[in-house]
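In what follows, residues are counted from 1 in the order of the sequence shown.
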Amino acid sequence: MSKFFMRKNIFFPGIALLCAISAYFLQVHMFLNGDVGSLLFDTRLFLKGGTYLNNFLETNPPMIFIIYSPVIFFEKWTALNIVLVMRIYIILTALFSIGLSNFLLKKIIKPSDDVLRYVILLGLLFSFLLLPACEFGQREHFFIMLVMPYLFTVVIAAQQQKINKGLACLIAVMAALGIGMKPYFLAPFILVELYLMVVRKNIFSGWRFLPLAIVSLLSIYLIWVFIGYPTYIYQMLPLISDLYFISIKTSWSTFLANVSVSYCFFVAIACLFIFNKIKKYRILVGVLLWAFIGMVVAVVIPRAGWYYHILPAIILSVVLLLLYIFIIFSSNQKYVLKKDGYLALFVTMMVPLYIFLIATHFGLAVKKHSYLNQLIAYIQTEKKPPSIYCFSANTTGDCFTLVYSAHSVYAGRYPFFWWLQGLQLIEKKGKLPIQIKKDKKFLIDAVADDLDQNRPDWLIINTSDAKATLKNNFNFINYFSQNKKFYEAWKPYHYYKKVGVFAIYQRSDGNVS
């Protein structure tokens, strides 16, 4: 029956449509991811001519604004809700990537193994549309969707086949957009190209149109950033280097204790030492394996252990797993693996499903039980949604959930105080270096300028966040008020009320409607 559906081109499109609908309705029952909401907000400012420091203090380089731009344009043209547009955009990006991958896989998979092509495509459908769960639309999610077709072109190149130049240009643009979001996204690209050199026994195998086009596009992008957004290069990057990375980097013990991280290391070891006896489709397996290892490297470099950082590696592990299962059970050899190999395969198969269930449960539970629901309900009783500024040390999920769920206006430049935890860690060591003192003054001055110029109606302080992320007795206002400029800017604000874990301070100079 399934062969009939495949033959009639009904089976896979039907499953793809079902997954797309399921993904949409799953996301409807979750808040829009805070990072995604923050970056959409900054993308709008970026398209209006906004710049780093003056209009937003965002840690990401501008490539993400380019990727999110179609959402802003389409929302403007249609007047549809931006959250709806964003979710549709992500789903269409996923389906386009899978469709392109399907075209390329037809050049890689033998017609006699056509079921394998469908198995891989089904794995991509699950991975692109459902596995991200509460991290739907994150940078790493877009990265793997945009880069996946490029990985299949490397297999085609290793098999001495060619693809149409126009198609190659499209794939190069997609890959450059993905890789350009973060510097460590270069790791999979470099490892895969090195693997191709080994396979073809030719150090000049990288001198193909596709990788040269990707490198050229990334070079043009880098020059554009240097010329058009020098404040990001010369002011934001030093701040990020001094204060951001030290706050997100966890200890090795904590990092490796993360289930998703330890799973990825397990998969890498299993692939290299247990499954390496499998010969069928060795080049396809090799390209995906080295891309997977590159993505693990991209997780190790920042060593944050966040789920969305690990997502590309988990997605590739799913595809690798399905490949191994098909090859093993379609082999004529009675015993391809020893017992420990089958055990490893079983464990590897179960963990992504477990991770999906946990991430989905978390996303659903947050929307159902979050204290933000109380705040959203309270704001909706106001005649006019207040402009807001959130004091949070580690999440974009407060203000930007309110922006999109309660239609509040965001009145600040920070997605959150990403620098505060790093600054606290340095202050614990003793006297601050001169440059860090300058950084601290600049960053708190920026908060004061936001209060003076944007005059937010409400300051919302997540008291639970302060206790969990910083010292138990940490007080945002007392800490910031050591800065004279902030102290003056704070004067119009007075304690208003507490809603859940959120303390609200209201501006009392006639700014509130």
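For the pair Asp439/Leu432, no side-chain contact is recorded, criterion being any heavy-atom separation below 4.5 Å from C-beta on. Between Ile461 and Ile477 there is a side-chain heavy-atom pair separated by less than 4.5 Å. Residues Leu218 and Phe189 have side chains not in contact (no heavy-atom distance under 4.5 Å, counting atoms from C-beta outward). Counting heavy atoms from C-beta on, the side chains of Asn483 and Val447 never come closer than 4.5 Å. The side-chain heavy atoms of Glu135 and Glu140, taken from C-beta on, include no pair separated by under 4.5 Å. The shortest side-chain heavy-atom distance between Ile301 and Val297 falls under the 4.5 Å cut-off. In this structure the side chain of Leu311 reaches within 4.5 angstrom of the side chain of Pro132, judged on heavy atoms. Residues Val36 and Tyr404 are not in side-chain contact: their nearest non-hydrogen atoms beyond the backbone lie 4.5 Å or more apart.
Minimum interatomic distance between Arg413 and Leu53 (heavy atoms only, all atoms of both residues): NH1-O, 2.6 Å. The two residues Thr59 and Ile240 come nearest to each other via the heavy atoms O-CD1, 3.3 Å. Listed here is the closest heavy atom pair of Ile314 and Ile355: CD1-CD1, 3.9 Å. Heavy-atom minimum distance, Ala411 versus Asn454: O-ND2, 3.0 Å. Summarising the geometry of Pro62 relative to Tyr52, their closest heavy-atom pair is N-OH, 3.1 Å, with the distance given to 0.1 Å. Looking at every heavy atom in both residues, Cys264 comes nearest to Phe292 through O-CZ, 3.3 Å.
Test Thr395, Leu32, Ile376 against Thr401 for side-chain contact (heavy atoms from CB on, under 4.5 Å) and you get one pass: Ile376. Each of Ile388, Leu375, Asp457 was compared with Ile504 under the side-chain contact (heavy atoms from CB on, under 4.5 Å) criterion, and only Leu375 meets it.
Atom CZ of Phe442 has more than 12 heavy atoms from other residues, nucleotides or ligands within 6.0 Å. Within a 6.0 Å sphere centred on OH of Tyr184, heavy atoms belonging to other residues, nucleotides or ligands number more than 12.
The backbone N or O of Pro492 sits less than 3.5 Å from a side-chain atom of Ser508, completing a donor-acceptor pair. Judged by distance alone, with hydrogens and angles left aside, the side-chain atoms of Ser22 form a donor-acceptor pair with the main-chain N or O of Leu18 at under 3.5 Å. No donor-acceptor distance shorter than 3.5 angstrom exists from the side chain of Gln27 to the backbone of Cys134, with no hydrogens or angles considered. A distance-only check finds a donor-acceptor pair linking the side chain of Ser262 to the backbone of Val259 [under 3.5 Å]. Side chain of Thr360 to main chain of Leu357: no donor-acceptor pair is present (N/O by atom type, distance under 3.5 Å, no hydrogens or angles). Under the 3.5 Å distance criterion, the side-chain polar atoms of Asn373 are matched with a main-chain donor or acceptor of Lys367. A donor-acceptor distance shorter than 3.5 angstrom exists from the side chain of Thr463 to the backbone of Val501, with no hydrogens or angles considered. Formation of a donor-acceptor pair under 3.5 Å by the Tyr221 side chain with backbone atoms of Met63 is found in this model. Using modelled atom types, one side-chain atom of Thr43 and one backbone atom of Leu39 make a donor-acceptor pair closer than 3.5 Å.
Considering CG of Leu451 and NZ of Lys491, their distance stands at 14.0 Å, rounded to 0.5 Å. Expressed to the nearest 0.5 Å, how far CG of Leu288 lies from CD1 of Ile293 amounts to 11.5 Å. The CE atom of Met350 sits 10.5 Å away from the OH atom of Tyr263 when rounded to the nearest 0.5 Å. Here the straight-line distance linking atom CZ of Arg303 with atom CG of Leu256 works out to 9.0 Å at 0.5 Å rounding. Atoms CZ and CZ, on Phe128 and Phe136 in that order, are 11.5 Å from each other to the nearest 0.5 Å. In this structure, Leu125 CG and Ser97 OG are separated by 10.5 Å, a value rounded to the nearest 0.5 Å.
Using cut-offs of 30° and 60° for the angle between ring planes, the Tyr505 and Tyr495 rings count as perpendicular. Trp418 and Tyr244 have perpendicular rings, their planes meeting at more than 60° on a 0 to 90° scale where under 30° would count as parallel. Between Phe480 and Phe486, the angle of the ring planes goes over 60°, which puts this pair in the perpendicular group of the 30/60° scheme. Ring planes of Phe476 and Phe391: perpendicular class, angle over 60° (limits at 30 and 60°). Ring geometry, Phe126 versus Phe356: the interplanar angle exceeds 60°, so the pair is classed perpendicular (tilted spans 30 to 60°). Between Phe56 and Phe65, the ring-plane angle classifies as perpendicular under the 30° and 60° cut-offs. Ring-plane geometry between Phe255 and Phe265 is classed as perpendicular, the angle between the planes exceeding 60 degrees on a 0 to 90 degree scale with a lower cut at 30.
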Note to self: side-chain contact (heavy atoms from CB on, under 4.5 Å), that's the test. Do Tyr68 and Asp42 meet it? Break it down for me.
What the structure shows: CA-CA 10 Å; Tyr68 279 13; Asp42 288 345; over 6 Å; no
Is there a side-chain contact (heavy atoms from CB on, under 4.5 Å) between Arg139 and Ile67? Walk through the geometry before answering.
CA-CA 9 Å; Arg139 290 138 292 177; Ile67 292 171; over 6 Å; no
Please lay out, stage by stage, how Gln138 and Asn33 fare under the test side chain to side chain donor-acceptor pair (under 3.5 Å).
CA-CA 8 Å; Gln138 275 279 20; Asn33 181 275; 3.2 Å; yes
* **side-chain contact (heavy atoms from CB on, under 4.5 Å) between Leu322 and Ile120, worked out** => CA-CA 7 Å; Leu322 293 172; Ile120 293 172; 5.5 Å; no
- Item | Worked verdict on Met30 versus Leu364 for side-chain contact (heavy atoms from CB on, under 4.5 Å) | CA-CA 5 Å; Met30 298 182 189; Leu364 296 173; 4.1 Å; yes
* **Stepwise side chain to side chain donor-acceptor pair (under 3.5 Å) test for Asn394 and Gln421** => CA-CA 8 Å; Asn394 74 346; Gln421 192 175 357; 6.0 Å; no
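Trp224 has its ring centre less than 6.0 Å from the ring centre of Tyr229. Ring centroid separation for the pair Tyr89 and Phe73 does not come in under the 6.0 Å cut-off. Ring-centre distance between Tyr371 and Phe502: not below the 6.0 Å cut-off. Aromatic ring centres of Tyr308 and His141: separated by at least 6.0 Å. Separation of the Trp419 and Phe417 ring centroids falls under the 6.0 Å cut-off.
Residues satisfying the side chain to side chain contact (heavy atoms under 4.5 Å, CB included) criterion with Asn55, sequence neighbours excluded, are Thr51.
Between Lys485 and Asp452 there is no salt bridge, since no side-chain nitrogen of the basic residue lies less than 4.0 Å from a carboxylate oxygen of the acidic one.
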